[in-house]
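Notes for the one structure printed next.
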Amino acid sequence: MADPKGFMTTPRQDWPRRPVGERVRDWDEVYVPGALLPIISKQADRCMDCGIPFCHDACPLGNLIPEWNDLVSREDWRAASDRLHATNNFPEFTGRLCPAPCEAGCVLAINQPAVTIKNVEVAIADRAWEEGFTPPRPPDRLSGKTVAVIGSGPTGLAAAQQLTRAGHTVAVYERDDRIGGLMRYGIPAFKMEKHHLERRIEQMRAEGTRFRTGTAVGRDVGAAELRARYDAVVIATGATAWRELPVPGRELAGIHQAMEYLPLANRVCEGDLEVSPLSAAGKHVVIVGGGDTGADCLGTAVREGAASVTQLDIYAQPGVDRDEDVDPWPTYPKIYRLSAAHEEARDLRSAPAADADARLFAASTLRFTGDEDGRVRALHLVEVDALRRPVTGSGRALPVDLVLLALGFSGPDREDGLVDQLELALEPRGTIARDAGFATNVPGVFAAGDAARGQSLIVWAIAEGRAVAAAVDRHLSGSSQLPAPISPYDRPMSV
C-alpha cells in the first residue's frame, strides 16, 4: 500500500473523454489520448490493499488488483505488467470493454467512489506494449498433440494462446474473413480500435498459433472430419443466435438485428465498404433493447448521421445510487450509467422523442406499421410497470425508418451444422452441455465461453478460455500447470 491515506486525500478521477463534437466525427476511441498516464499513479494510490480484496471475487479472472495497483503507484510498470498478465491474456481488451464488476466489488465502494481499476488495468496494458514488456512466449518444446479451436472471440483466443504456450499445436478456425469474433465486427472502433486486436494476433502467430479464416466448421469443413484430424477440439463459437421480437409488422423492410447492422459499420472502418448498406444516415432510428449492444448501435448511428435515434429499454430507469436491498455490495448494481454513446446522444439532442440521453425507459414494443411499399414507418409502444404490464393510456407511436433489435442472444448458431454434425447434447436453453471438466458428450470435444455458458461478459469469456485450456491440457497430457480460474458452474456474485 503505497499511500495509506490515498483513498482519503485523492478523489476519483476517470480517463477523460474527448469533446462530443469532435469524437462523433470520427471512429477513434472516445478517450483523450495520453490523458490517463498523468493521473493514474495517484488513482492507484486510492487502493486500500484490503485484507479481503472483494475485487478478486468480483472478477472471474482473479486479477491481482491490489498488487498491480501498488506497483503502478510506485511506477514499476514491468512488474505491474507481469502481475496483470499472470491472470489475463488480453488486459487491453478488458480494460476497454469490460463493465468492471471488480469496481462494484471494491471495498472502497461501500461508501465512496471505487478505485478506477479498469483505468489502471488499461494503463498497464498500453504501457506494457509501449515498453516491450509483452514479447511472444513460444513454448520450449512441442508436445506433439494438436488442438482445433473453433471461434476466435476472447474465449477462443485465450484458450488458443494458453494451449500454444503449453506446447500443443493449435489451429484457430474462424468463419469470418478476419480474426476476432465480436471484438472485430460487433464492437465499434470507438470503443476499441482494432490495432489492439491486431498486435495480439501477431503475438500469437509468433508464438506458433495458426489461424484459418473464412472457414465455417460444419459447412466449409465437416465437423466430424475436423474431430478426426485433431487430438482435441474446443468449441468457442459464442452465443450468436440472436433473440427475436415476435410482434405484428416484424416482417416489414427496415427492421434488422443489431448484429446485421454493426458488422457492416465495422467493415466500413476496415476499408471493405465505402458506405454501409444499412447506414443510418438521414434516418429516424429506433433501437429496441437497453443493453451494451444497443448503446453500440446508438453511438454508431450518431456517427453515421442519423436524423434521430431513440433507444427503448423495457426496464424502469434505475437510480444513480446502489439499492442496498436489491443489489447489496459487493454485487454488480443496476444503477443509472451514462455511456459515451448516451452522452453523445444527450449533448447532440439526437432523440427528441425520448429522455435526455436518447433512452425511453419502461417501454415495450407492441407492433410495427409500414407504408404501401412494405417499409417500416412507425413503432408503436406502451409504457409498462415493474411487472411489464401495460400502463393504460400510455400508448404512443414513434416515426422510424430503421429499427435495430438488440435483444441479446440465446445460444450458438446452428446454421453451420457444427452442433448437429457432432450430435452435441444441449441444455434446455440451447447452450452446449458440458461436464465439470468442460467436456461435451463427444469424446475429445470441449465447449467454453458463451456457446456453453450463455451470453456473458468479456472477463467471463477469457476466464472460460483459460479454464478450458487447462482442461484440454490435462486431457492430452495427464496433468496441467495451466491456471483454471473458474469452473463451468461458477456464476457472478449475487444475492
Rounded at 0.5 Å granularity, tell me how far [atom1] in [X] sits from [atom2] in [Y].
X: Asn88; Y: Leu61; atom1: CG; atom2: CG; result: 5.0 Å
X: Ser364; Y: Leu312; atom1: OG; atom2: CG; result: 9.0 Å
X: Leu405; Y: Thr293; atom1: CG; atom2: OG1; result: 12.0 Å
X: Thr365; Y: Leu398; atom1: OG1; atom2: CG; result: 8.5 Å
X: Asp347; Y: His342; atom1: CG; atom2: NE2; result: 13.0 Å
X: Thr237; Y: Tyr173; atom1: OG1; atom2: OH; result: 15.5 Å

Salt bridge between [X] and [Y], side-chain N to carboxylate O under 4.0 Å?
X: Arg199; Y: Asp126; value: yes
X: Asp416; Y: Arg219; value: yes
X: Asp28; Y: Arg23; value: no
X: Arg212; Y: Glu174; value: no
X: Arg184; Y: Glu270; value: yes
X: Arg17; Y: Glu22; value: no
X: Glu343; Y: Arg337; value: no
X: Arg389; Y: Asp385; value: yes
X: Arg453; Y: Glu464; value: yes

Do [X] and [Y] have side-chain atoms, one donor and one acceptor, less than 3.5 Å apart?
X: Glu121; Y: Thr94; value: yes
X: Asn89; Y: Gln162; value: yes
X: Tyr261; Y: Asp296; value: no
X: Trp329; Y: Glu324; value: no
X: Ser456; Y: Asp450; value: no
X: Tyr336; Y: Asp321; value: no

Sidechain-backbone polar pair: [X] side chain, [Y] backbone, donor-acceptor under 3.5 Å:
X: Arg127; Y: Ala80; result: no
X: Asn69; Y: Ala44; result: no
X: Thr215; Y: Thr213; result: yes
X: Thr10; Y: Phe7; result: no
X: Gln455; Y: Gly408; result: no
X: Glu103; Y: Ile117; result: yes
X: Arg349; Y: Ala345; result: no
X: Gln203; Y: Thr134; result: yes
X: Thr331; Y: Pro328; result: yes
X: Arg12; Y: Ala114; result: yes

(request) Count the heavy atoms of every other residue, nucleotide or ligand shown that sit under 6.0 Å from CG of Asp327, and state whether that count exceeds 12. (result)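 Correct, the count exceeds 12.
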
(message) Other residues, nucleotides and ligands only: do more than 12 of their heavy atoms fall within 6.0 Å of CD on Glu244?
(response)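 Count over threshold, so yes.
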
(request) Check step by step if salt bridge (Lys or Arg N to Asp or Glu O under 4.0 Å) holds for Arg200 and Glu92. (result) CA-CA 10 Å; Arg200 278 295 178 187; Glu92 67 272 32; 2.6 Å; yes

Would you mind reporting whether [Y] and [X] have side-chain heavy atoms less than 4.5 Å apart?
X: Val288; Y: Leu245; answer: yes
X: Arg375; Y: Leu252; answer: no
X: Val403; Y: His256; answer: no
X: Leu360; Y: Leu381; answer: yes
X: Val24; Y: Glu304; answer: no
X: Thr300; Y: Phe190; answer: yes
X: Pro318; Y: Phe361; answer: yes
X: Cys55; Y: Pro66; answer: yes

(request) Mind running side chain to side chain contact (heavy atoms under 4.5 Å, CB included) on Val268 and Leu264 for me, showing each step along the way? (result) CA-CA 6 Å; Val268 172; Leu264 290 170; 6.0 Å; no

(message) Please find the pair of heavy atoms, one from Ala109 and one from Ala104, that lie closest to each other, and give the distance.
(response)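 Answer, listing the atom of Ala109 first, then Ala104: CB-O, 4.3 Å.
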
(request) Determine, step by step, whether Arg178 and Asp176 satisfy the side chain to side chain contact (heavy atoms under 4.5 Å, CB included) criterion, reporting the C-alpha distance in whole Å, the side-chain angles of both residues, the deciding distance to 0.1 Å, and the verdict. (result) CA-CA 6 Å; Arg178 293 183 178 92; Asp176 282 326; 5.8 Å; no

(message) Before you tell me yes or no, could you show the steps for Arg267 and Asp177 under salt bridge (Lys or Arg N to Asp or Glu O under 4.0 Å), namely the whole-Å CA-CA distance, both residues' side-chain angles and the distance that decides it to 0.1 Å?
(response) CA-CA 11 Å; Arg267 287 192 177 278; Asp177 59 338; 2.9 Å; yes

(request) Could I get the full list of side chain to side chain donor-acceptor pair (under 3.5 Å) partners for Ser81, not counting sequence neighbours? (result)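 With sequence neighbours excluded, Ser81 shows a side chain to side chain donor-acceptor pair (under 3.5 Å) to His85, given in chain and number order.
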
(request) Output, in order, the C-alpha distance, side-chain angles, deciding distance and verdict of side chain to side chain donor-acceptor pair (under 3.5 Å) for Thr87 and Asn63. (result) CA-CA 6 Å; Thr87 57; Asn63 282 331; 2.5 Å; yes

[X] to [Y] six-membered ring, cation-pi geometry met (6.0 Å, 45°):
X: Arg250; Y: Phe368; answer: no
X: Arg388; Y: Tyr315; answer: yes
X: Arg18; Y: Tyr31; answer: no

(message) Run Leu366 and Arg396 through side chain to side chain contact (heavy atoms under 4.5 Å, CB included) and show every step you take.
(response) CA-CA 10 Å; Leu366 295 177; Arg396 59 189 293 196; over 6 Å; no

(request) Test Arg377 against Val400 for side chain to side chain contact (heavy atoms under 4.5 Å, CB included), laying out the working first. (result) CA-CA 5 Å; Arg377 287 292 176 254; Val400 63; 6.0 Å; no

(request) Evaluate the salt bridge (Lys or Arg N to Asp or Glu O under 4.0 Å) criterion for residues Glu427 and Arg434: first the C-alpha distance (whole Å), next the side-chain angles of each, then the deciding distance (0.1 Å), finally the verdict. (result) CA-CA 9 Å; Glu427 299 289 354; Arg434 54 189 180 169; over 6 Å; no

